[in-house]
Student: 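Mind looking over this structure? Questions follow.
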Amino acid sequence: MDHKKSRYPFCIVWTPLPIITWICPLIGHMGIAMASGVIRDFAGPYYVSEDDMAFGKPTKYWQLSPDKAKGGRSGWDAGVTEASEIYKERMHNICCDNCHSHVACALNIMQYDGGISWNMVKLWFYMLVYGKYVSAYGFLKTWLPFLIFAGSLITILTLLHYL
């Protein structure tokens with residue numbers, strides 16, 4: 001892994017979404033990296049970006065094992081590539097068919113860990129449990145806006161209470 005160059009081989013990566021993550025730091029944007037570490041993410045309608053995540057560099061990553069992909073390393077890359085080609089033909093829907101769905105599709109195609117039941121909720125939960133921050137800055141980029149927002153809201157509500 002190379003944090004400076006944003007290379008995360010065999011990883012699922014995550015970055016905050018402006019405003020949405022500030023309000024709920026558990027919601028963000030997800031991508032999946034090829035064996036080379038190059039990240040692909042479903043960035044918008046009919047568009048899968050490569051090596052340039054839609055909302056900035058990853059702040060979290062979850063390292064997976066290429067040996068658990070059907071076909072190993074080449075199976076991993078084939079799954080990510082095929083999912084990307086599928087999602088280049090799809091309309092982006094923030095709630096139902098989104099970046100998490102793209103990653104789930106890749107894992108299902110490669111039959112990661114023998115499974116074909118990957119979905120956005122399962123990925124959200126696993127990233128929450130197994131994801132690691134790339135650095136202290138990654139942690140702050142994720143949580144500081146929320147803490148400022150929550151602190152401001154609490155302060156305002158407290159002041160209004162005493163008026």
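Throughout, residue positions are numbered sequentially from 1 according to the sequence presented.
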Student: With the side chain counted from C-beta on, respond yes when Ile32 and Leu64 share a heavy-atom pair under 4.5 Å apart, and no when they do not.
Tutor: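 The answer is no, as the side chains (C-beta and beyond) never meet within the 4.5 Å cut-off.
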Student: Answer with yes or no whether the hydrophobic clustering places Leu123 together with Val80; edges join I, L, V, M, F, W, Y residues whose side-chain heavy atoms lie under 4.5 Å apart.
Tutor: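 They do share one cluster, since a chain of ILVMFWY contacts under 4.5 Å joins Leu123 to Val80.
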Student: Who are the side chain to side chain donor-acceptor pair (under 3.5 Å) partners of Trp143, not counting sequence neighbours?
Tutor: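 Here the qualifying residues are Tyr133.
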Student: Taking everything shown except Ile116 itself, do over 12 heavy atoms lie less than 6.0 Å from its CD1?
Tutor: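 Counting other residues, nucleotides and ligands, CD1 of Ile116 stays at 12 neighbours or fewer.
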Student: Parallel, tilted or perpendicular: which fits the ring planes of Phe42 and His92, with parallel below 30° and perpendicular above 60°?
Tutor: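 Ring orientation, 0 to 90° scale: tilted.
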Student: So, do Thr15 and Asp41 sit near enough that their side-chain heavy atoms are less than 4.5 Å apart?
Tutor: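 Heavy-atom side-chain distance check fails, nothing below 4.5 Å.
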Student: Between OH of Tyr8 and NZ of Lys60, what distance do you get to the nearest 0.5 Å?
Tutor: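 It comes to 13.0 Å.
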Student: Would you say that Arg40 contacts Val13 through its side chain, given a criterion of any heavy-atom pair below 4.5 Å between the two side chains?
Tutor: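 No; the side chains remain at least 4.5 Å from each other.
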Student: Answer yes or no: is there a side-chain heavy-atom contact under 4.5 Å between Met34 and Thr81?
Tutor: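 Met34 reaches Thr81 side chain to side chain.
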Student: If you count the non-hydrogen atoms of other residues, nucleotides and ligands that lie under 6.0 Å from CG in Leu159, is the total more than 12?
Tutor: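 Atom CG in Leu159 is packed in, count exceeds 12.
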Student: Are Phe139 and Tyr61 linked, directly or through intermediate hydrophobic residues, by side-chain heavy-atom contacts shorter than 4.5 Å (ILVMFWY only)?
Tutor: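 No, no single cluster joins them.
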Student: From Lys57 NZ over to Lys141 NZ, what is the distance, rounded to the nearest 0.5 angstrom?
Tutor: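 So the NZ of Lys57 and the NZ of Lys141 are separated by 9.0 Å.
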Student: Has Lys132 got more than 12 heavy atoms of other residues, nucleotides or ligands less than 6.0 Å from its NZ?
Tutor: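 For Lys132, atom NZ is not crowded (no more than 12 foreign heavy atoms under 6.0 Å).
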Student: Angle class for the Phe10/Trp76 ring planes (parallel below 30°, perpendicular above 60°, tilted otherwise)?
Tutor: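 Geometry flag for Trp76 against Phe10: perpendicular rings.
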Student: Write down the atom of Phe55, the atom of His29, and the distance for their closest heavy-atom approach.
Tutor: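 Of all heavy-atom pairs spanning Phe55 and His29, the closest is CD1-CG, 3.6 Å.
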Student: Indicate the atoms forming the closest heavy-atom contact of Pro58 with Ser6, along with that distance.
Tutor: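 For Pro58 versus Ser6, the nearest heavy atoms are CD-OG, 3.8 Å.
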Student: Is there side-chain contact between Ser36 and Arg7, with heavy atoms separated by less than 4.5 Å?
Tutor: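 They are not in contact (no side-chain heavy atoms under 4.5 Å apart), so the answer is no.
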Student: With side chain to side chain contact (heavy atoms under 4.5 Å, CB included) as the test, would you mind laying out the steps for Met1 and Cys11 before giving the verdict?
Tutor: CA-CA 9 Å; Met1 261 175 282; Cys11 286; 4.0 Å; yes
Student: For the pair Asp113 (side chain) and Gly115 (backbone), establish whether a donor and an acceptor sit closer than 3.5 Å, ignoring hydrogens and angles.
Tutor: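 The answer is no, because no donor-acceptor pair under 3.5 Å joins these two groups.
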Student: Decide yes or no for Pro25 and Pro16: does some side-chain heavy atom of the first lie under 4.5 Å from some side-chain heavy atom of the second?
Tutor: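 Result no, sub-4.5 Å side-chain heavy-atom pair not found.
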Student: Name all residues meeting the side chain to side chain donor-acceptor pair (under 3.5 Å) criterion together with Arg73; count only those two or more places apart in sequence or in a different chain, and write none if there are none.
Tutor: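 Not a single residue meets the side chain to side chain donor-acceptor pair (under 3.5 Å) criterion with Arg73.
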Student: Using the rule side-chain contact (heavy atoms from CB on, under 4.5 Å), only one of Ile156, Thr158, Leu157 pairs with Ile154; which is it?
Tutor: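 With Ile154 as partner, side-chain contact (heavy atoms from CB on, under 4.5 Å) holds for just one option, Thr158.
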Student: According to a hydrophobic-cluster definition based on side-chain heavy atoms being under 4.5 Å apart (Ile, Leu, Val, Met, Phe, Trp, Tyr only), do Val103 and Phe125 belong together?
Tutor: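 Cluster IDs for Val103 and Phe125 match.
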Student: Please report the C-alpha distance between Thr59 and Trp14 in whole Å, then the side-chain angles of each, then the deciding distance to 0.1 Å, and finally whether the side chain to side chain contact (heavy atoms under 4.5 Å, CB included) criterion is met.
Tutor: CA-CA 6 Å; Thr59 58; Trp14 185 94; 3.4 Å; yes
Student: Please determine whether residues Leu140 and Ile19 belong to a single hydrophobic cluster, defined as Ile, Leu, Val, Met, Phe, Trp and Tyr linked transitively by side-chain heavy-atom distances below 4.5 Å.
Tutor: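 The answer is no; the residues belong to distinct hydrophobic clusters.
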Student: Just by distance, do the side chain of Asp51 and the backbone of Val38 share a donor-acceptor pair under 3.5 Å?
Tutor: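 Between the backbone of Val38 and the side chain of Asp51 there is no qualifying donor-acceptor contact (under 3.5 Å).
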Student: Is it possible for you to say whether Leu128 and Tyr126 belong to one hydrophobic cluster, with membership spreading through side-chain heavy-atom contacts below 4.5 Å?
Tutor: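 Yes; Tyr126 is reachable from Leu128 via cluster members.
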Student: I want to check something: taking the side chain as every heavy atom from C-beta on, are Asp97 and Tyr87 in contact at a cut-off of under 4.5 Å?
Tutor: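 Yes; the side chains approach each other to less than 4.5 Å.
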Student: When rounded to the nearest 0.5 angstrom, what is the spacing between CG in Leu26 and CH2 in Trp124?
Tutor: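 Leu26 atom CG to Trp124 atom CH2 measures 6.0 Å (nearest 0.5 Å).
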Student: Test your reading of the model: is there a side-chain donor-acceptor pair from Tyr112 to the backbone of Ser65, 3.5 Å cut-off?
Tutor: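 Looks like yes, one N/O pair under 3.5 Å.
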Student: Would you compute the distance between atom OG1 of Thr142 and atom CG of Leu17 and round it to the nearest 0.5 angstrom?
Tutor: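 The CG atom of Leu17 is 10.5 Å from OG1 of Thr142, to the nearest 0.5 Å.
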Student: Do Phe146 and Thr21 touch side chain to side chain, with heavy atoms closer than 4.5 Å?
Tutor: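 No. Closest side-chain heavy atoms not under 4.5 Å.
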Student: When rounded to the nearest 0.5 angstrom, what distance separates SG in Cys105 from CE in Met120?
Tutor: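 Rounded to the nearest 0.5 Å, the SG-CE separation comes to 13.5 Å.
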